[in-house]
2 protein chains.
Amino acid sequence: MTAPRPDSELGTDTAAVRPAERTRDADRTRAEILAVATAEFADRGYAGARVNEIADKLSTTKRMIYYYFGGKEQLYVAVLEQAYGRIRALEQQVDVEHLEPVAALRELAGLTFDHHEAHPEFIRLVSIENIHRAEHLAGSPALAGLAAPAVDVLGAILQRGRDDGLFRDDVDALDVHQVISAFCVFRTANRHTFRAIFDRDMLDPATRAHQRKLLGDLVVAHLTTR
Amino acid sequence: MTAPRPDSELGTDTAAVRPAERTRDADRTRAEILAVATAEFADRGYAGARVNEIADKLSTTKRMIYYYFGGKEQLYVAVLEQAYGRIRALEQQVDVEHLEPVAALRELAGLTFDHHEAHPEFIRLVSIENIHRAEHLAGSPALAGLAAPAVDVLGAILQRGRDDGLFRDDVDALDVHQVISAFCVFRTANRHTFRAIFDRDMLDPATRAHQRKLLGDLVVAHLTTR
DNA sequence: TCTCGTATGTACCAAGCGGTGAGTTACCGA
DNA sequence: TCGGTAACTCACCGCTTGGTACATACGAGA
C-alpha cells in the first residue's frame, strides 16, 4: 500500500534502522506517488490538495511528480484512473448467477453495500470529480464509457426474474443499479452533514446490519410489487 | 446581478421589519456578496473558489468581503447558513397531512424529489461540505442540530400507516428519509460521473416522470411489504 | 454647518502556489 | 570496463493567493 522504504536522509520520523538501501525503481516511485496523491486528493479535493504537501509525504521529491506525471492535473487523472480500475476489478469478482433471482438480487445489493463501505476513499474521489462535473473522467479515454460489470450481472438477474414471473418489467437494470448506488454512495458521501443534522452516523457499525437489510428489502420489495 | 429585494428572513442579525423604501447600502452589499459567493462556492468548492474572483463579480470591492464577513472561511459559513435556512423554510411549507398514508407518503417523496431537483446549487454545497467533513456546519451553532421538518411530517405519516395496519413497523422515519434523500441527492450530486460511465443523464427531463414514479414506488412498496 | 462613525475604494504585500532549469548519480547493456 | 541514459536531487522562479494599511466619501444628528 504505502511506501515500503522510508529512507533516512533528514530523519524527522522514527526508527528506520535499515541502512541506506536506496535503489532506483521507477515502478516503485510511481506507485508511491500515486498512493500518496490518492490519499491527499481524496482528503482535500483537487483544488485543496497541494503538490508540495504530497511531495513532503514522499520519500522522493516534488520534481519526480512532474517527471512521471507532468503536472497536478495529470496526476489527479492518474489517481482517478487507478481508483476506478481497482474498483472495477473487484466488481468483476461478483458471482451470484447460481442463486434464485430474488436471492441473487438481495446478494448483489448486499455485496455492493459491503463494497462501497470498504472503499470510502473511492467514494470521496467520485464526489470530488462530480464537483468538477466529471471533466477529467470524461477526458480520460481509459475511463469514459467503462460501465460497471455489476450492471450486466444485474441485467441477467432481472431477466431471469421476469422470465419466472417474479419481477415487474417496467424497471430496467440501470434503474435498479441507480437505486442501489444511490443508497450505498449516500451513506458514505453524505455521512458528515447527515450526522450533523440528524445525529445519525449512517456508517455506525451498530446499525450496519439493519441498513444492509434495509437496502435488500427495498429493492426486492420494489421489484416484486406489481 | 444585484438583488433588488433584501427580503431576508435569513438575515443573521437585521430586524427586517419593513425597511423604508431606501434600504441601507449595507444590507444590499451584504446580500450581493452572499449571492455571488454562493454561486462561486457551489461552482468551484471551498478551496477552488477565489476571493478575488468573487470580488470581480461584485459591484463593490474585495475589501467589503473582509469588512462584512471577516474572511473567506466565514464567508463560506455564511453562505452555508443562508442556503440551509432557505431550504428549511421551503420544507416547512409541505402539507400532506390530509392525505391517506400511502398517498401522503408518495406525495412527500415526490415533493422532496421536485425540491432537490429545483436546487442543484444547494446539493453541490452539501457535497462540498461533506468533502470537508461538515466541519463548518458542525461549527455553526445556527445549523448544528436542526433537523429537516420533512422528517417530522414523515414520522406522522408512518404512524398513521402503522395504525391502519398498512405499513411495516421495523423501519423508522429517518430510515425512510434517508432512502428518499439518497435517491434525490444522488441524481444531482453524482449526475456527471454517472453520465460519463453509464451514458444516462439522471436529470434528463424526458425520464423525469419515470424517475419520480420510481422513487414513489420504491418507498411505498418497501413500507407496504411485510 | 460641522462632526463623527459607518461604509467604501485604492494600492499593496508576504506567503504559498504550481512548475522548471540544470546538473548528478546509479544502472545496464555492450 | 565504460558510456549512455533513465532516475533522481537541488535550488530556484514568477505568479496568484488571501488578506490588509490607509485614505476618504457619505449622511444623519448636534
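Residue numbers begin at 1 in each chain, while the letters A, B, ... track the order of the sequences.
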Between the protein and nucleotides 20-23 of chain C, which nitrogen or oxygen pairs come in under 3.5 angstrom?
| residue | atom | partner | partner atom | Å |
| --- | --- | --- | --- | --- |
| dG21(C) | O6 | Arg63(A) | NE | 2.5 |

Output a table of nitrogen or oxygen pairs between the protein and nucleotides 15-17 of chain D separated by less than 3.5 Å.
| residue | atom | partner | partner atom | Å |
| --- | --- | --- | --- | --- |
| dT17(D) | OP1 | Arg50(B) | NE | 2.7 |

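Closest of all the heavy-atom pairs between Arg106(A) and Gly216(A) is NH1-C, 3.6 Å.
In this structure the side chain of Arg133(B) reaches within 4.5 angstrom of the side chain of Arg124(A), judged on heavy atoms. Put simply, the side chain of Arg208(B) reaches to within 4.5 Å of the side chain of Glu117(B), judged on heavy atoms.
Side chains of Gln74(A) and Tyr66(A): no donor on one and acceptor on the other come within 3.5 Å. The closest side-chain donor-acceptor pair between Glu32(A) and Ser59(A) falls under 3.5 angstrom.
Using cut-offs of 30° and 60° for the angle between ring planes, the His136(B) and His132(B) rings count as perpendicular.
The side chain of Thr60(B) contributes no N or O atom lying less than 4.0 Å from OP1 or OP2 of dT8(C). OP1 or OP2 of dT9(D) has at least one side-chain nitrogen or oxygen of Thr61(A) nearer than 4.0 Å. Taking side-chain N and O atoms only, Tyr68(B) has a distance below 4.0 Å to OP1 or OP2 of dT8(C). Between dA7(C) and Thr29(B), no contact under 4.0 Å exists linking OP1 or OP2 to a side-chain N or O.
In the set dA7(C), dA7(D), dC8(D), dA7(D) carries the atom at the smallest distance from any side-chain atom of Ala26(A).
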Does the pair Gln211(A) and Leu203(A) meet the rule for a side-chain contact (heavy atoms from CB on, under 4.5 Å), with working shown?
-> CA-CA 9 Å; Gln211(A) 294 247 331; Leu203(A) 293 181; over 6 Å; no

I would like to know whether Phe69(A) and Tyr76(A) meet ring pair (Phe, Tyr, Trp, His ring centres under 6.0 Å); could you show each step before the answer?
-> CA-CA 9 Å; Phe69(A) 297 95; Tyr76(A) 172 73; over 10 Å; no

Please assess Ser140(B) against Glu81(B) for the test side chain to side chain donor-acceptor pair (under 3.5 Å), listing each intermediate value before the final yes or no.
-> CA-CA 8 Å; Ser140(B) 165; Glu81(B) 287 174 346; 2.5 Å; yes

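Remark: side-chain polar atoms of Asp172(A) are paired, donor with acceptor, to backbone N or O of Asp175(A) under 3.5 angstrom.
Of the residues in residues 73-80 of chain A, none has a non-hydrogen atom less than 4.0 angstrom from any atom of DNA chain C.
Ring to ring, Phe186(A) and Phe194(A) are close: their centroids are under 6.0 angstrom apart.
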